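To keep things clear, I will list the structure first and then write my remarks on it.
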Amino acid sequence: MSVAERLLAAFEGSKSGYGETTVGRIGRKGKAEAKSLVRRGQMTAEMVQRHIDGKQGVGSIPINADNNCRFGALDIDVYDLDHKALQEKIQRLKLPLFHCRTKSGGAHLFLFLKEWHPASLIREYLTEMSIALGFSGCEIFPKQDTLLAERGDLGNFINMPYFDAEQTTRYCFNKQAEAMELEEFLDAVDTGR
């Protein structure tokens with residue numbers, strides 16, 4: 001299995017839609033300005049390879065048509081975030097989260113699961129974790145408990161890490177708060193679900 005296929009499998013979600021993000025300049029408050037849109041259709045390994053190569057950023061919609069998910073995330077939009085302190089807190093609380101740096105310097109804390117679970121349950125679980133970490137009120141993905149597929153709802157996407165993987169600023173931290181290479185991250189996801 002290629003690296004792109006492994007990254008796609010880690011972020012398995014909707015088969016009906018995915019996200020694309022094109023990053024612009026950094027705003028005054030430190031947030032990277034970006035144009036994001038949801039596309040209909042299924043994300044492919046070729047799209048993920050373009051993400052890895054730094055050509056076009058993509059994101060996954062965690063919730064599927066059955067209102068289940070295999071991953072979820074907390075989106076912490078704090079741009080002067082002390083990543084080392086956050087990683088230490090995640091380890092101290094023994095939370096099963098993968099701590100990734102975002103394009104703006106915040107954090108995406110990913111939860112990867114072996115099986116599909118109801119989105120409502122995962123949202124509840126992630127809410128409890130956000131409170132324990134001191135970030136209650138942060139964005140939670142999936143953003144919905146249920147989708148109205150007959151109405152054409154797709155859900156919201158979250159950007160995947162390792163855009164432009166060779167020189168990325170969007171990487172996952174290991175337990176010592178050091179940056180992991182993409183394949184290290186994928187190995188950790190495979191064993192840490």
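Note that this is a predicted model, so its numbers are computed, not measured.
- The shortest side-chain heavy-atom distance between T146 and L148 does not fall under the 4.5 Å cut-off.
- Distance check, rounded to the nearest 0.5 Å: CG of L81 to OG of S104 gives 12.0 Å.
- Between F173 and R101 there is a side-chain heavy-atom pair separated by less than 4.5 Å.
- Contact record, A73 with L126: N-CD1, 3.5 Å, taken as the closest heavy-atom pair.
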Show which side-chain atoms of residues 87-94 pair as donor or acceptor with protein atoms under 3.5 Å away, not counting sequence neighbours.
| unit_1 | atom_1 | unit_2 | atom_2 | d |
| --- | --- | --- | --- | --- |
| Q87 | OE1 | H99 | ND1 | 2.9 |
| Q87 | NE2 | N174 | O | 3.1 |
| K89 | NZ | L133 | O | 3.4 |

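- Hydrophobic clustering of Ile, Leu, Val, Met, Phe, Trp and Tyr side chains at less than 4.5 Å, counting indirect connections, keeps Y125 apart from I63.
- Using a 4.5 Å cut-off between side-chain heavy atoms of Ile, Leu, Val, Met, Phe, Trp and Tyr, with links allowed through other members, M47 and F163 fall into different hydrophobic clusters.
- Here OG of S120 is found 8.5 Å from CG of N67. Values are rounded to the nearest 0.5 Å.
- Between L154 and Y18 the shortest side-chain heavy-atom distance does not fall below 4.5 Å.
- Without hydrogens or angle criteria, N64 side chain to D66 main chain gives a donor-acceptor distance under 3.5 Å.
- Shortest non-hydrogen contact noted between P142 and A119 is CG-CB, 3.8 Å.
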Check step by step if side chain to side chain contact (heavy atoms under 4.5 Å, CB included) holds for W116 and E12. CA-CA 10 Å; W116 292 91; E12 183 179 10; 3.5 Å; yes

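- Cluster membership check: F135 does not share its hydrophobic cluster with Y79, using side-chain heavy-atom separations under 4.5 Å among Ile, Leu, Val, Met, Phe, Trp and Tyr.
- R193 meets the salt bridge (Lys or Arg N to Asp or Glu O under 4.0 Å) test with no other residue; sequence neighbours excluded.
- Identified under the side-chain hydrogen bond (donor to acceptor under 3.5 Å, both in side chains) test for residues 160-169, with sequence neighbours left out: D164-Q167.
- Remark: side-chain polar atoms of S14 are paired, donor with acceptor, to backbone N or O of S16 under 3.5 angstrom.
- Counting heavy-atom neighbours within 6.0 Å of E184 CD, excluding the residue itself, gives a total above 12.
- In terms of heavy-atom proximity, P96 sits nearest to L111 at O-CD1, 3.5 Å.
- Atom CD of Q176 has more than 12 heavy atoms from other residues, nucleotides or ligands within 6.0 Å.
- You'll find the side chain of D75 reaches within 4.5 Å of the side chain of F141, heavy atoms only.
- Rounding to the nearest 0.5 Å gives a distance of 9.5 Å between CG of L109 and SG of C172.
- Smallest separation of non-hydrogen atoms from H51 and V58: ND1-N, 3.0 Å.
- Here the CD1-CD1 distance, from I158 to I140, works out to 11.0 Å after rounding to the nearest 0.5 Å.
- Residue pairs satisfying the salt bridge (Lys or Arg N to Asp or Glu O under 4.0 Å) criterion with at least one member in residues 121-144, sequence neighbours excluded, are listed as follows: R123-D145, E139-K143.
- Rounding to the nearest 0.5 angstrom, the gap separating the SG atom in C138 from the CG atom in L74 is 4.5 Å.
- Counting heavy atoms from C-beta outward, M43 and M160 have side chains that approach closer than 4.5 Å.
- The shortest distance between side-chain heavy atoms of I61 and N156 does not fall below 4.5 Å.
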Can you list the steps and then say if S36 with T21 is a side-chain hydrogen bond (donor to acceptor under 3.5 Å, both in side chains)? CA-CA 4 Å; S36 295; T21 299; 3.1 Å; yes

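- Atom CG of residue N159 and atom SG of residue C100 lie 11.5 Å apart, to the nearest 0.5 angstrom.
- Between D82 and K84, no side-chain nitrogen of the basic residue sits less than 4.0 Å from a carboxylate oxygen of the acidic one, so the salt-bridge criterion is not met.
- H117 is not listed as a side-chain neighbour of C69, based on a closest heavy-atom distance of 4.5 Å or more.
- Between the H108 side chain and the T102 main chain, no donor and acceptor come within less than 3.5 Å of each other.
- The backbone N or O of L147 lies less than 3.5 Å from no partner atom in the side chain of D153, so there is not a single donor-acceptor pair.
- The only member of R50, R39, K35 that meets salt bridge (charged side-chain N to carboxylate O under 4.0 Å, His left out) when paired with E20 is R39.
- Within a 6.0 Å radius of NZ in K15, other residues, nucleotides and ligands contribute more than 12 heavy atoms.
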Side chain to side chain contact (heavy atoms under 4.5 Å, CB included) evaluation trace for T44 with L8: CA-CA 7 Å; T44 66; L8 180 62; 5.5 Å; no

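- The two atoms that bring A107 and L86 nearest to each other are CB-CD2, 4.0 Å, heavy atoms only.
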Identify each donor-acceptor pair in which a side-chain atom of residues 185-192 lies under 3.5 Å from a protein atom, sequence neighbours left out, and give them as a table.
| unit_1 | atom_1 | unit_2 | atom_2 | d |
| --- | --- | --- | --- | --- |
| D187 | OD1 | R6 | NH1 | 3.4 |
| D187 | OD1 | R6 | NH2 | 2.8 |
| D190 | OD2 | R6 | NH2 | 2.8 |
| T191 | OG1 | D187 | O | 3.2 |
| T191 | OG1 | A188 | O | 3.3 |

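- Counting heavy atoms from C-beta on, the side chains of R70 and P62 never come closer than 4.5 Å.
- Qualifying ring pair (Phe, Tyr, Trp, His ring centres under 6.0 Å) partners for F112, counting only residues two or more places apart in sequence or in other chains: F11, F98, F110.
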